[in-house]
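For ligands, and for the atoms within them, numbers begin at 1 and follow the listed sequence.
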Amino acid sequence: MQTLGKFPSVRMRRMRHDDFSRRLMRESRVSVDDLIYPVFVIEGNNKRVQVPSMPGVERLSLDLLLKQAEECVKLGIPVMALFPSIDASLKTPDGREAANPDGLIPRVVRSLKEHFPELGVMCDVALDPYTTHGQDGLIDETGFILNDETIEMLVKQMLAQAQAGADIVAPSDMMDGRVAAIRAALDENGFVNTPVMAYSAKFASTFYGPFRDAAGSAPAFGDRRSYQMDPHNGREAMRECELDVQEGADILMIKPAMPYLDLVRECRDRFDLPVAAYQVSGEYAMIKAAAKAGLIDEYGVMCESAVSIFRAGADILITYFACELADAIRKGDIG
Ligand code: PBG
């Protein structure tokens with residue numbers, strides 16, 4: 001109890017006095033084992049295209065991506081998440097190139113698994129990079145995204161990824177029932193050990209803007225509010241998580257991360273599945289831009305933002321800063 005005497009009876013600063021005591025007091029940890037590095041891949045050879053809205057992020061052709069994968073292995077990053085930037089000539093209203101077993105992503109997966117079998121490869125299950133209209137699914141004549149028809153295509157896309165050797169499939173489309181359909185298709189096709197990371201609570205967020213630049217997947221009309229979640233809703237996010245648990249998800253995800261830390265915590269408290277948080281392109285771009293303008297210290301803010309996401313309860317962090325964070329952890333600046 002705090003006394004009114006000359007000295008405070010509790011001195012919180014005692015345990016902040018030394019580096020050893022501060023380390024001893026740490027409640028949350030940041031480990032390289034919990035990082036996933038998202039990368040953008042393009043066709044071609046020796047191709048490297050900067051993403052203007054995401055300084056430091058490049059779209060890479062497979063040969064250069066292999067070097068990046070080697071770097072991940074050296075740093076100890078367990079998983080790389082692949083996102084394609086697809087040539088406009090391959091896009092169709094139904095996004096059927098997504099299911100091509102010899103398409104860009106299946107070829108990249110096969111090559112990565114051949115060269116770096118120890119590196120986990122995660123694939124995004126979603127049609128937006130493959131559709132002419134940039135929406136995540138098939139559309140009807142009014143422009144509405146069709147749920148069940150989209151799932152059929154997603155399942156074909158996912159099977160092409162699994163057959164190529166994908167270690168984790170991650171549906172990011174937000175169609176109803178897609179986790180169950182994907183789990184069933186995996187099992188029926190002999191992929192009983194392939195986990196599903198469900199983008200469970202994926203919000204219709206303005207923070208995805210830079211990613212759509214990078215993947216060339218900005219919607220040509222409308223927005224994504226008829227399938228991605230309304231940022232006002234937290235209880236609904238928990239219903240989405242609950243459904244994904246019932247449908248057989250192995251990992252739940254909250255996305256974006258920093259503006260939704262309350263839901264990362266709630267998801268952690270309610271469910272015993274691993275919880276992933278995706279620090280999205282806009283979160284990354286803000287840090288980069290503010291640092292470039294001389295307003296903040298990039299390294300410090302990067303570290304602190306990662307710590308905050310783990311403190312909120314995330315088990316896994318998907319971030320474009322993964323390599324720099326791995327370095328910071330190695331140096332002991334966080335961890
Ligand atoms: C595609 C997809 C998106 C992201 C991951 N997968 C974009 C979107 O839904 O518009 C966003 C990632 C980011 O912003 O970093 N379905």
Filtering F207, Y278, F211 for the heavy atom nearest atom 7 (C) of ligand 1 leaves F211
Notebook entry, point to check: For D223, does its backbone N or O pair with a side-chain atom of Q135 as donor and acceptor, under 3.5 Å?
Noted result: yes
Going by the 4.0 angstrom heavy-atom rule, the piece of V280 near ligand 1 is both
Ranked by distance from atom 15 (O) of ligand 1, the top protein heavy atom is Y320 OH, 2.5 Å
TODO: Tell me whether L243 is reachable from M238 by hopping between hydrophobic residues (I, L, V, M, F, W, Y) whose side-chain heavy atoms are closer than 4.5 Å.
DONE: no
Logged contact type for D173 with ligand 1, heavy-atom cut-off 4.0 Å, is neither
* Do the side chains of I36 and V73 join up, straight or via other hydrophobic residues, at under 4.5 Å, putting them in one cluster? -> yes
Taking every heavy atom of M80 against every heavy atom of V39, the minimum-distance pair comes out as CE-CG2, 3.8 Å
query = At the 4.0 Å heavy-atom cut-off, does E283 count as touching ligand 1?
reply = no
Distance col, row C323:SG vs L75:CG, nearest 0.5 angstrom, shows 5.5 Å
In this structure, CG of D34 is separated from CD1 of I77 (nearest 0.5 Å) by 12.0 Å
- Task: Please determine if K202 forms a cation-pi arrangement with Y208, meaning its NZ or CZ atom is less than 6.0 Å from the six-membered ring centre and no more than 45° off the ring axis.
- Result: yes
In D148, D173, D136, the residue satisfying salt bridge (charged side-chain N to carboxylate O under 4.0 Å, His left out) with R178 is D173
Looking at ligand 1, is there an atom of it that comes within less than 4.0 Å of some heavy atom belonging to Q279? no
So CE of M229 and CE of M174: to nearest 0.5 Å the spacing works out to 6.5 Å
Closest to atom 2 (C) of ligand 1 among protein heavy atoms sits K202 NZ, 3.4 Å
### Modelled atom types, side-chain donor and acceptor of E283 and S305, under 3.5 Å
no
The answer for which part of Y284 has a heavy atom under 4.0 Å from ligand 1 is neither
Ligand 1 to F83, heavy atom cutoff 4.0 Å, flagged ligand atoms 5 (C), 6 (N)
Atom 14 (O) of ligand 1 has as its nearest protein heavy atom S281 OG, 2.7 Å
So the atoms of ligand 1 within less than 4.0 Å of a heavy atom of R212 turn out to be 8 (C), 10 (O)
Quick check: Y199 and ligand 1, any N/O pair under 3.5 Å apart?
no
Counting from 1 in the order shown, the ligand 1 atoms closer than 4.0 Å to a non-hydrogen atom of D128 are 1 (C), 16 (N)
Within 4.0 Å of some non-hydrogen atom of A126, the atoms of ligand 1 are 16 (N)
heavy-atom search around atom 4 (C) of ligand 1 in the protein gives K255 NZ, 2.6 Å
heavy-atom search around atom 16 (N) of ligand 1 in the protein gives S172 OG, 2.9 Å
